[in-house]
Amino acid sequence: MAAPSVTVHDRTNAMTGAEAMVRMLQAYGVRHIFGLCGDTTLPLYDALHRLDHGIAHLLTRDERHAGYMADAYARVTGRPGVCEGPSGGGATYILPGVVEANESSIPILAINSDVSTGSRGRYPLTELDQVGLFRPATKWNASLDDAQRLPSMVRRAFREMTTGRPGAVHLALPFDTQKASVAPDEIWADTRHQTFPALRAGPDAASVEAAAEALLSAKRAVAICGGGVVVAGAMEALRQLSTMLDMPVATTVSGQGAIAETDPRAVGVVGSNGGVDSTRAVVEEADLVLFVACRAGSVTTERWRHPRTDVRVVHIDSDPAVIGANYKTEVAIAADARLALEAIAADIARRGTGGSNGGAARAKAAWDAKLAAFAPLATSGEAPIRPERVIATLQALLGDDAIVCADPGTPCPYFSAHYRWPSVGRHFITNRAHGALGFAMGAAMGAHIGRPGVKTVAVMGDGSFGMSVGELETAIRYRMPITFITLSNSVYGWIKAGQRSGFGARFHNVDFTRTDHAAVAAAFGLKSWRVEDPDDLDTVLREALEADGPTLVDVISQPLDEAAAPVSEWVA
């Protein structure tokens, strides 16, 4: 059967490389591009201006945040995100967004224009080996040196992004390629690669049978699910299998949304970031661990101590290189998470039996213990304000469909441990691959553009605010009704906590001057508040969340190193 495709021809017989790029993006159903202008991108911008293509280009204030916007956009839409920037510094600035998406298995296409191929080696301004720069940071990358091959290279980019383990790709687009001629007949797209994951790989039948037998033989199994469960849309298959086996389900930070945390068998997050003693106990007592779309990395396993290295393991992942990398694996299934879980559940159903792993009771015990410790902190009247009080207030005010984007410093462990996500799917976004500060602001904008009908909140520390503040102008310009929250404690708290716990409290260069974030936001045009009294939180946050345009709430909060943070170790 012929591959599904869509063809978009220009009305004339002549087409430039820049026009061809626009038409290829159009053919792949691209609706939004995040990016920043530069002189080497002028032909592309001119084509975007002249052609009728239905693509909205959103101007950002730097390329890093264009990458973060494309990342979060892809996470909430199920379609590849697209970002672009100029040559030289534009390529180096966009790199952090590309590597984060790639390591998080999120497909984004990053395009950087480049100097003309004929000027290479002659010291032109902004010359840079883009292919060499992006090789270790992407799933695939190339330079479009031949205009006639531009359409086929774009097709490969979408194929690489969306198949197997999804990831980021990068294309360098030289200035002369943008102006050269391209044959219109080459402008077509394989529509199977408009969404991800595409061309899912099914599981081996013998491995499915072995996995079912292993799971049925267990008495205290636990599933630990990574972000790939949400990427694959495997949530219902996971719920069915968990119910059949009465198996508790834990998640990584990125895996939140794999199961509703109000589900009777949901344990919540495990690991050194967001895990607590009671959730760790569920993993520690397991006689079998089912890893699903999870790399079993240092944070999730608390440096490979929980689960124990002698535990029985069944591992499902779309990337075969992940399986067995950290744990001896009894059953390995290299396949799409949804297809694998569905097959295992069907095999168990055919046997007419189920499991008894005490999942509901074990999950309830974990939540009861966690909530007992959380409750007095969540209602605390202490000042500076406890982060737990902020979490509890947002939980009471936000709807079930809200999206929260959190930076990896102070906000991440508190939301991961204590915000109880009531529904499946992508509602919590944080950058767990490399944990760079400054992610949440741009990510919230990408998430809002991708899912405009729900409330989006960005939560960050003041360190992260300082790395992303310029994008507040972007929020104002496009009137994005996002609520930004800063947990202001004037310190790089994660590092100070590490210095306190592991280096004899020898604090070196982690504290900085407090900024009046509300005043800064007001200068950009946002309605803003500063909150120092915890009793004011509910009123202020309610007003901020209900406002029409972008808002910011500056919360004077407890330093992370002095708090009861759900972090078992600060260097993972």
Side-chain angles (χ1 to χ4, degrees), residues 60-69 71-72 75 93 95-97 99-101 104 253-254 273-274 384-385 387 390-391 394 403-416 419 428-448 456-475 480 482-498 509-521 524 526 528 530-531 544 550-561 563 565 567 570:
T60 65
R61 296 305 297 268
D62 75 35
E63 295 86 351
R64 178 169 59 124
H65 294 95
Y68 292 157
M69 291 178 200
D71 179 334
R75 295 189 198 221
Y93 281 8
L95 182 63
V99 69
E100 178 64 38
S104 299
V253 175
S254 298
N273 188 342
I385 298 170
V390 179
I391 300 298
L394 284 171
I403 298 172
V404 174
C405 298
D407 263 293
T410 299
C412 181
Y414 288 101
F415 276 94
S416 297
Y419 195 104
F428 181 59
I429 300 174
T430 186
N431 52 327
R432 292 312 311 153
H434 291 283
L437 299 183
F439 174 82
M441 187 177 291
M445 296 181 194
H448 166 70
T456 299
V457 176
V459 189
M460 65 204 82
D462 37 12
S464 295
F465 179 89
M467 298 183 186
S468 54
V469 59
E471 294 299 339
L472 288 179
E473 187 277 329
T474 306
M480 300 181 188
I482 299 167
T483 295
F484 303 96
I485 300 172
T486 58
L487 299 178
S488 179
N489 48 34
S490 61
V491 63
Y492 288 115
W494 197 282
I495 306 307
K496 190 168 186 176
N509 269 4
V510 290
D511 297 286
F512 47 83
T513 305
R514 186 181 301 279
T515 299
D516 187 342
H517 301 105
V520 173
F524 277 99
L526 281 77
S528 59
R530 177 185 174 107
V531 182
T551 56
L552 182 138
V553 179
D554 189 19
V555 181
I556 308 305
S557 61
Q558 187 182 47
L560 192 60
D561 68 297
V567 178
W570 297 98

TODO: First locate atom SG of C405, then atom CD1 of I485, and finally report the distance between them rounded to the nearest 0.5 Å.
DONE: 11.5 Å
TODO: Heavy atoms only: give me the nearest G463-F512 pair and the separation to one decimal.
DONE: N-CZ, 4.0 Å
Open item on the list: Contact between F439 and D71 at the side-chain level, heavy atoms closer than 4.5 Å - yes or no?
Closed with: yes
Task: Note, R530 side chain near H517 side chain (heavy atom, < 4.5 Å) - done: no
Task: Euclidean distance, I391 CD1 relative to Y414 OH, rounded to 0.5 Å - done: 9.0 Å
Open item on the list: Run I385 and I556 through side chain to side chain contact (heavy atoms under 4.5 Å, CB included) and show every step you take.
Closed with: CA-CA 6 Å; I385 298 170; I556 308 305; 5.8 Å; no
Task: Side-chain heavy atoms of L437 within contact of Y492, under 4.5 Å - done: yes
Open item on the list: Using only atom types and a distance under 3.5 Å, with no angle test, would you say the side chain of D407 pairs donor to acceptor with the backbone of T410?
Closed with: no
Open item on the list: Measuring only between side-chain heavy atoms, which start at C-beta, is V531 closer than 4.5 Å to V553?
Closed with: yes
- [ ] Could you tell me the separation between the CZ atom of R432 and the CD atom of E100, rounded to the nearest 0.5 Å?
- [x] 8.5 Å
TODO: Grab the two heavy atoms, one from P559 and one from V491, that are nearest each other, plus how far apart they are.
DONE: CB-CG1, 4.4 Å
TODO: Taking atom types as modelled, find out whether T551 and T483 have a side-chain donor-acceptor pair closer than 3.5 angstrom.
DONE: yes
TODO: Could you walk me through whether W494 and W570 pass the side chain to side chain contact (heavy atoms under 4.5 Å, CB included) test, one step at a time?
DONE: CA-CA 7 Å; W494 197 282; W570 297 98; 3.5 Å; yes
TODO: List the atom of A436, the atom of N431, and the distance in Å for their closest heavy-atom pair.
DONE: O-ND2, 2.7 Å
Task: salt_bridge(R514, D462) N-O dist < 4.0 Å - done: no
Open item on the list: Would you say the rings of F465 and F484 are close, in the sense that their centroids are separated by under 6.0 Å?
Closed with: no
Open item on the list: Which heavy atom of P408 sits nearest to which heavy atom of G435, and what is that distance?
Closed with: CG-O, 3.3 Å
Open item on the list: I'd like to know whether CZ of R61 has more than 12 heavy-atom contacts from other residues, nucleotides or ligands below 6.0 angstrom.
Closed with: no
Task: Working for side chain to side chain contact (heavy atoms under 4.5 Å, CB included), residues L487 and M460 - done: CA-CA 6 Å; L487 299 178; M460 65 204 82; over 6 Å; no
Open item on the list: Side chains of T474 and E471: any donor to acceptor distance under 3.5 Å?
Closed with: yes
Open item on the list: With a 4.5 Å cut-off on side-chain heavy atoms, are M441 and S464 touching?
Closed with: no
Open item on the list: Nearest 0.5 Å, please: how far is OH in Y68 from CD in E63?
Closed with: 12.5 Å
Task: Closest heavy-atom pair and its distance - S468, G438 - done: CB-O, 3.8 Å
Task: Contact check, side chains of L95 and R64, non-hydrogen atoms, under 4.5 Å - done: no
Task: Worked verdict on V457 versus I482 for side chain to side chain contact (heavy atoms under 4.5 Å, CB included) - done: CA-CA 6 Å; V457 176; I482 299 167; over 6 Å; no
Task: Contact summary for A72 and A447, nearest pair of heavy atoms - done: CB-N, 3.8 Å
TODO: Could you grab the distance from atom OG of S528 to atom CG of D554, nearest 0.5 Å is fine?
DONE: 8.5 Å
Open item on the list: Less than 4.5 Å apart, side chain to side chain, heavy atoms only: is that true for V253 and C412?
Closed with: yes
- [ ] With rounding to the nearest 0.5 Å, note down the distance linking CD1 in I429 to CZ in F415.
- [x] 13.0 Å
Open item on the list: For a 4.5 angstrom cut-off between non-hydrogen side-chain atoms, does V404 reach V459?
Closed with: yes
